[in-house]
Amino acid sequence: MSQSADAATAQSIVIAAECLTKRFGKQEVVSSIDFSVLQGQCFGLLGPNGAGKTTTIKMILGQSPISYGSLQVFGRPMPENARWARKRIGVVPQNDNLDPDFTVVENLRVYGSYFGLRRGELDDRIEQLLTFFNLSDRANARVEQLSGGMKRRLIIARALINDPELIVLDEPTTGLDPQVRHMIWARLRELKQSGKTLLLTTHYMEEAERLCDTLVIIDYGQILANGSPAELIRRYVEPEVLELRGPSGDLQLALAVQPQADGGPACRFETIGDTVYCYTDDTQTLARLFPDMPGVSRLQRPANLEDVFLTITGRDLRE
Amino acid sequence: MDIGLPRIGPRSLIIWRRNILVWRKLITPSLLINFGEPFLYLLGLGFGLGFFIGEMAGLPYLTFLASGIVASSAMNTASFEGMYSVYTRMVPQRTYESMLATPVDVDDIIAGEMLWCATKSTISGTAILAVASMLGAVLSWSALLVIPIVFVIGLCFAGPAIVMSAFSKSYDFFNYYFTLVVTPMFILCGVFYPTTSLPPALQPMVNILPLTHAVDLVRPLVSGQPPTAVGLHLAVLIGYAAIAYYLAVVLVRRRLIL
Ligand SMILES: Nc1ncnc2c1ncn2[C@@H]1O[C@H](COP(=O)(O)OP(=O)(O)OP(=O)(O)O)[C@@H](O)[C@H]1O
Ligand SMILES: [Mg+2]
């Protein structure tokens, strides 16, 4: 009984990293991270520029040797089984690497051939993918004639050519307009519903909040937090935020009010540039305690993942 | 650094096929160059110089030159493809990066590229043979055996060229290789005159250069003379190809799998 239960859990872990570490020379860019990605999950890997996200993905794909620690993909150790694992993985790389020597259809066909797929089985699949990503009327366009959004859609379509169980997406929507982004989100949700496992990195917290079941926030190669978006918001920030924006003199005056001392709700302030963020349980009451000032605009909103991200990783610029 | 022995699998043929598909798109200009260039050489040098030279080493000069040009153009074609094209796919186009996200390995990519370079050499070598035979320079049917030989010559020069690509930081680097390696071989290795007429001090050096062996294999087949030391010549060519393949795989792994 317990053995078969064990087997079931073992099977449902798609990626398991333990003490996973990557060094470039003396620089440690991934420092002993542990995480596991379960089957059918959308797992988010968030972190500022240079946090180590792409490096982690490359180790998962066997495109980067592991310095220390263990990494299993589909239950087998990496990188020995990289080639075997890659048959079952679809990859959306951070940088565009479509083949400029080919058209849209040819890109899919040639990429499919790298998986050993034959023309007969490919043609139907390619037609489906082109429809799925609204690319059918550009099927014979050359890659350089595509817009950024079309290229990105084609790269995602390409990642699905082998009908992968795991899809690894390294910043799939960076630089895209809202229409394309929403379309890609819808497609990714459909993929998840059809049972695919997704590993996603992104700098858009809204995207992570919408798509990810679980996520880790990494910085300087270390995991700083993990959990579902809702859990993280609960754990790391107050539920509501009042933003006061205006010239610094006016903000100073506003803050002089000291709402807590006046019996208002508990509140945590953070000032960045021209904005004061007041994290609290009750923005309604808090807002009433501040005097109306013509130069200061206010915004009341629920706390979101971006607040968590900035709280955890700090507000300093990277790189 | 991963210095494990490479394994050549059937996936190398997929990489080879990718390059064929690209080549097919530009087949007309590509073939025009393949036929046009040797035509110029044979017409200009073969007839122009041949008029004064008449015979060289017992062969009509046109035959002597044509057999040399077959070998040297196999060298040029493979070197060019192994540097400019391979580098383009490896660095700016990131084509290899996209391949490495699939079940394809560096071992397959390099093997496929070498096969492709050799295929291109074969295409150009065959074109030259065709032109040469139209000009009456091919003296024997044994010249047909040159076609597989040119493939091996292509492999031999593809390897070192890909090694250069793996090292190179930019296209500029390839000029050095052409100036310092390819051109000297073109001039010294018996394309235009027999190597035996070089000063004795130079002979040992010239004899370890692969183009010398390539020319020595091709010339008797084109002129219908019995070939000599075939095993040695083939071993040298294949040796260069095999060692360079291994080096190229290790270096490209080092460059791409960080
Ligand atoms: N080949 C390399 N050699 C040396 N350092 C490297 C190499 N590749 C990446 N790094 C360094 O490793 C760190 C992590 O890089 P990585 O690309 O994994 O970050 P990332 O989280 O994907 O960042 P981004 O959000 O900007 O894509 C960075 O400091 C980067 O400079
Ligand atoms: Mg990255």
Side-chain angles (χ1 to χ4, degrees), chain A residues 22-25 29 54-55 57-67 79-103 106-107 109-119 142-144 154-155 158-159 161-162 164 167-170, chain B residues 1-4 6-27 29-30 81 84-113 116 120 249-250 252-258:
Chain A
K22 177 72 192 187
R23 281 184 286 267
F24 288 113
V29 302
T54 301
T55 307
I57 286 179
K58 294 216 157 187
M59 289 192 279
I60 291 169
L61 300 174
Q63 288 184 354
S64 177
I66 296 167
S67 304
E80 305 90 284
N81 295 288
R83 190 200 277 260
W84 170 84
R86 291 200 301 255
K87 269 185 210 159
R88 304 161 65 179
I89 303 179
V91 182
V92 175
Q94 180 170 357
N95 298 303
D96 166 22
N97 60 17
L98 290 166
D99 202 325
D101 293 326
F102 292 117
T103 65
E106 288 167 342
N107 256 280
R109 238 180 245 148
V110 169
Y111 199 76
S113 76
Y114 300 151
F115 288 90
L117 301 171
R118 309 216 173 278
R119 183 78 183 264
R142 293 182 62 85
V143 163
E144 69 248 35
L154 177 57
I155 292 176
R158 189 183 69 171
I161 197 81
N162 55 328
I167 306 157
V168 176
L169 305 114
D170 199 352
Chain B
M1 189 151 74
D2 182 1
I3 56 164
R7 271 178 301 179
I8 305 176
R11 284 185 207 280
S12 52
L13 291 177
I14 298 171
I15 307 304
W16 174 81
R17 186 174 156 272
R18 177 217 168 268
N19 292 338
I20 293 268
L21 292 176
V22 178
W23 179 78
R24 260 196 357 203
K25 296 187 162 212
L26 297 167
I27 189 160
S30 184
E81 195 69 17
Y84 292 94
S85 306
V86 165
Y87 185 80
T88 301
R89 292 192 270 275
M90 178 156 52
V91 185
Q93 272 181 211
R94 297 168 168 274
T95 312
Y96 296 169
E97 182 193 76
S98 74
M99 292 170 176
L100 291 174
T102 74
V104 169
D105 267 348
V106 169
D107 309 10
D108 305 316
I109 295 176
I110 303 304
E113 291 289 8
W116 165 242
K120 251 196 132 174
V249 166
V250 170
V252 172
R253 279 183 196 150
R254 191 186 71 167
R255 181 154 190 169
L256 296 183
I257 310 205
L258 291 163

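Computed from a predicted structure; not experimentally measured. A note on names: the letters A, B, ... follow the listed sequences, proteins ahead of strands, and every chain is numbered from 1.
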Between A:Q63 and B:L100, is there a donor-acceptor pair closer than 3.5 Å when you use the side chain of the first and the backbone of the second? yes
What I'd like to find out is whether the side chain of A:R158 reaches to under 4.5 Å of the side chain of B:S98, using heavy atoms alone. yes
When A:L61, A:T55, A:N95, A:N162 are compared by non-hydrogen pairs under 4.5 Å with chain B, the top option: A:N95
Below 4.0 angstrom, N of the basic side chain to O of the carboxylate: do A:D101 and B:K25 qualify? no
For B:V104, does its backbone N or O pair with a side-chain atom of A:R86 as donor and acceptor, under 3.5 Å? yes
Segment of A:S67 engaging chain B (4.5 angstrom heavy-atom cut-off): neither
Do B:R18 and A:S113 have side-chain heavy atoms sitting under 4.5 Å apart? no
For B:P103 and A:K87, work out which heavy atoms get closest and say how close. CG-CG, 3.3 Å
Is the shortest side-chain N to carboxylate O distance from B:D108 to A:R83 below 4.0 Å? yes
If you count heavy-atom pairs under 4.5 Å between each of B:D105, B:T95, B:D2 and chain A, which one has the most? B:D105
Side chain to side chain, A:E106 and B:L21, heavy atoms closer than 4.5 Å: no
Which atom names give the shortest non-hydrogen contact between A:F115 and B:A101, and what distance separates them? CZ-O, 4.5 Å
Which atoms of A:D96 are under 4.5 Å from chain B, going by heavy atoms: the side chain, the backbone, both sets, or neither? backbone
Measure across A:P65 and B:I257 and return the closest heavy-atom pair with its distance rounded to 0.1 Å. CD-O, 3.7 Å
Could you check which of B:I15, B:L258, B:V22 has the highest count of heavy-atom pairs closer than 4.5 Å to chain A? B:L258
